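The structure under discussion appears below in the form of structure tokens.
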Amino acid sequence: MGLLDGTVVVVTGAGRGIGRGEALECAAQGAAVVVGEFDPDAGKAVADEITAAGGRAVAVIGDVADTAVADSLVATAVSEFGALDALVNNAGILRDRTVAKLSDEEWDDVIRVHLRGHFLPTRAAVRYWKEAKRPGHVVHTASTSGLLGNFGQANYGAAKAGIAAFSTIVAMEGARGGITSNAIAPTALTRMTLDLMPEEFRVEREASIARGEFDFFAPENVAPLVAFLCSDASSHISGKVFGVQGDSVEIFQPFTSVAEIRNDGKRWDPEDLPGRIDELFDATGVQAGPENMMERMRYQILAGH
Ligand SMILES: NC(=O)c1ccc[n+]([C@@H]2O[C@H](COP(=O)([O-])OP(=O)(O)OC[C@H]3O[C@@H](n4cnc5c(N)ncnc54)[C@H](O)[C@@H]3O)[C@@H](O)[C@H]2O)c1
């Protein structure tokens with residue numbers, strides 16, 4: 001008996017890394033899985049791995065930011081397995097550069113794969129659930145780079161913050177029909193992040209794995225929370241953003257107003273603001289200049305845990 005017995009789940013970018021772990025875990029929990037993936041070899045390999053283990057899976061190869069491909073993820077779930085119960089939007093890419101050096105293509109590619117690549121499958125899934133009068137679950141993949149900001153990731157961070165906002169709105173719109181929408185901000189060592197690590201870190205990690213110790217940043221560690229959020233056991237949870245890595249599950253509080261200044265019911269004179277604005281910083285401890293909020297993260301790959 002698994003958490004997802006008899007259900008059908010679509011996972012995008014499921015050929016590698018975090019998405020692969022999510023597809024395998026959903027299958028292990030009893031779901032039939034549609035493996036959405038750009039890379040044909042990687043996508044088919046994960047679908048084969050699931051079927052070889054006795055599960056049900058089919059690969060849909062293509063760019064998730066293409067409307068026909070996104071629609072076919074949902075259509076394939078229905079034609080191959082009879083329904084769709086949950087969608088995991090995971091596919092993503094990096095093109096890191098500071099704003100001054102960022103090209104038009106690097107901006108557009110990242111915004112397209114993440115934002116359009118989350119919007120299109122979600123729209124297809126929501127349309128299906130509304131028409132079929134069925135409930136459903138969507139899990140989106142945000143990032144601390146978007147929630148907190150990260151140097152050199154303006155394109156990626158903007159997309160990931162957008163995904164968190166998108167998820168919140170899908171949750172509001174889906175509430176009446178029993179459609180939940182939640183976002184995760186994972187941290188894991190994958191093709192996307194492993195190359196950024198110093199050699200000594202990689203050597204030390206391999207030695208730790210060889211000693212049989214828990215591999216805190218293994219991509220498979222993200223999957224249990226995602227499988228849970230794909231299941232009806234999470235039906236009361238929606239519009240939330242979870243941090244997830246290792247054996248840790250965190251919850252993020254959304255942007256919240258924490259202090260206010262007023263001008264006695266009159267429009268502000270800009271000349272009065274220099275004398276008053278510091279009241280907001282003094283009242284809250286929020287700094288006036290740019291802050292490195294990533295420093296406040298509980299778990300960072302480089303800093304260990
Ligand atoms: N690894 C981390 O620490 C981390 C942190 C925060 C967020 N994320 C997010 O998690 C998700 C998975 O990242 P990962 O680390 O597993 O990366 P990864 O590169 O290992 O895997 C991403 C997979 O998505 C596929 N993909 C990329 N673009 C696609 C497209 N347009 N259509 C279909 N498939 C596509 C790739 O081929 C690849 O198989 C991404 O959205 C990423 O931004 C990762």
Side-chain angles (χ1 to χ4, degrees), residues 10-25 34-47 49 59-73 87-96 108-121 139-150 153 155-164 166-167 183-197 201 205 215-223 225-226 241-246 248 250 252 294 297 299-303 305:
V10 168
V11 183
T12 71
R16 298 189 181 78
I18 293 170
R20 174 178 171 274
E22 291 166 342
L24 295 177
E25 184 63 53
V34 177
V35 175
E37 173 57 52
F38 192 69
D39 176 339
D41 293 342
K44 286 185 187 121
V46 171
E49 199 175 339
V60 170
I61 304 305
D63 176 3
V64 74
D66 180 287
T67 306
V69 173
D71 287 346
S72 80
L73 290 169
L87 163 69
V88 181
N89 288 315
N90 163 78
I93 56 168
L94 286 181
R95 300 285 185 270
D96 290 0
D108 289 345
D109 288 351
V110 167
I111 296 295
R112 181 174 184 279
V113 170
H114 289 278
L115 276 181
R116 203 175 146 86
H118 270 60
F119 159 60
L120 292 176
V139 183
H140 310 270
T141 309
S143 167
T144 51
S145 298
L147 303 173
L148 308 175
N150 198 21
Q153 294 196 315
N155 50 357
Y156 181 76
K160 290 304 198 184
I163 285 170
F166 176 68
S167 173
I184 59 163
T187 306
L189 285 165
T190 64
R191 182 184 64 157
M192 190 179 265
T193 45
L194 201 54
D195 289 349
L196 309 172
M197 297 299 127
F201 177 91
R205 177 183 181 230
D215 182 15
F216 191 85
F217 291 111
E220 295 78 19
N221 298 341
V222 174
L225 175 72
V226 171
V241 182
F242 295 96
V244 54
Q245 51 275 303
S248 164
E250 305 171 83
F252 282 86
M294 293 291 266
M297 272 171 65
Y299 302 100
Q300 286 174 311
I301 290 175
L302 271 176
H305 57 279

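Source: prediction; values computed, not measured. When a ligand or atom number is given, it counts from 1 through the structure's own listing order.
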Test item: [X] and [Y] side chains (from C-beta on) under 4.5 Å apart, heavy atoms:
X    : Y    : answer
T67  : R116 : yes
Q300 : M294 : yes
T190 : R16  : no

Ligand 1 atoms in contact with [X] (distance to a heavy atom under 4.0 Å):
X    : answer
D63  : 30 (C), 31 (N), 32 (N)
T187 : 3 (O)
T193 : 1 (N), 2 (C), 3 (O)
G62  : 32 (N), 33 (C)
S143 : 6 (C), 7 (C)
A142 : 7 (C)
V113 : 28 (N), 31 (N)
H114 : 41 (O), 43 (O)

| field | Exceeds 12 heavy-atom contacts within 6.0 angstrom, atom CZ of F38 | value |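 Open: at most 12 neighbouring heavy atoms sit under 6.0 Å from CZ of F38.
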| Taking L73 as the fixed residue, which of L87, V11, V64, V35 is the one that meets the side chain to side chain contact (heavy atoms under 4.5 Å, CB included) rule? |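 Checked L87, V11, V64, V35 against L73; only one passes side chain to side chain contact (heavy atoms under 4.5 Å, CB included): V64.
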| Among T187, L225, L189, the one residue meeting side chain to side chain contact (heavy atoms under 4.5 Å, CB included) with Q245 |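 The side chain to side chain contact (heavy atoms under 4.5 Å, CB included) with Q245 is passed solely by T187 among T187, L225, L189.
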| field | Salt bridge present between E49 and R20 (N-O < 4.0 angstrom) | value |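 Salt bridge flag = yes for R20 with E49.
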Which protein heavy atom lies closest to [atom], and at what distance to 0.1 Å?
atom                    : value
atom 34 (N) of ligand 1 : F38 N, 3.2 Å
atom 19 (O) of ligand 1 : R191 NH2, 3.1 Å
atom 6 (C) of ligand 1  : P186 O, 3.1 Å
atom 17 (O) of ligand 1 : M192 CB, 3.7 Å
atom 22 (C) of ligand 1 : G92 O, 4.0 Å
atom 7 (C) of ligand 1  : Y156 OH, 3.2 Å
atom 9 (C) of ligand 1  : T141 CG2, 3.5 Å
atom 2 (C) of ligand 1  : A188 O, 3.4 Å

Using a 4.0 Å heavy-atom threshold (strictly under), name the region of [X] that reaches ligand 1: side chain, backbone, both or neither.
X   : result
N90 : both
R20 : neither
I93 : side chain
V64 : both

Looking at ligand 1, does [X] have a heavy atom less than 4.0 Å from it?
X    : value
A185 : no
S145 : no
R112 : no

| query | In terms of ring plane angle, is the pair F216 and Y299 parallel, tilted or perpendicular, where the classes change at 30° and 60°? | reply |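 Taking Y299 first and then F216, their aromatic rings sit tilted (interplane angle of 30° to 60°).
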| query | Hey, does the side chain of T12 reach the backbone of N89 with a donor-acceptor pair shorter than 3.5 angstrom? | reply |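 Not a single qualifying donor-acceptor pair exists.
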So, for [X] and [Y], which heavy atoms are closest and what is the spacing to 0.1 Å?
X    : Y    : result
I93  : D109 : CD1-O, 3.8 Å
A183 : S167 : N-OG, 3.7 Å
A65  : V113 : CB-CA, 4.3 Å
V69  : G62  : CG1-C, 3.7 Å
I18  : P219 : N-CB, 3.8 Å

| message | For the 3.5 Å polar cut-off, considering only N or O atoms, please tell me whether I18 and ligand 1 meet it. | response |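 Checking ligand 1 against I18, an N or O pair does fall under 3.5 Å apart.
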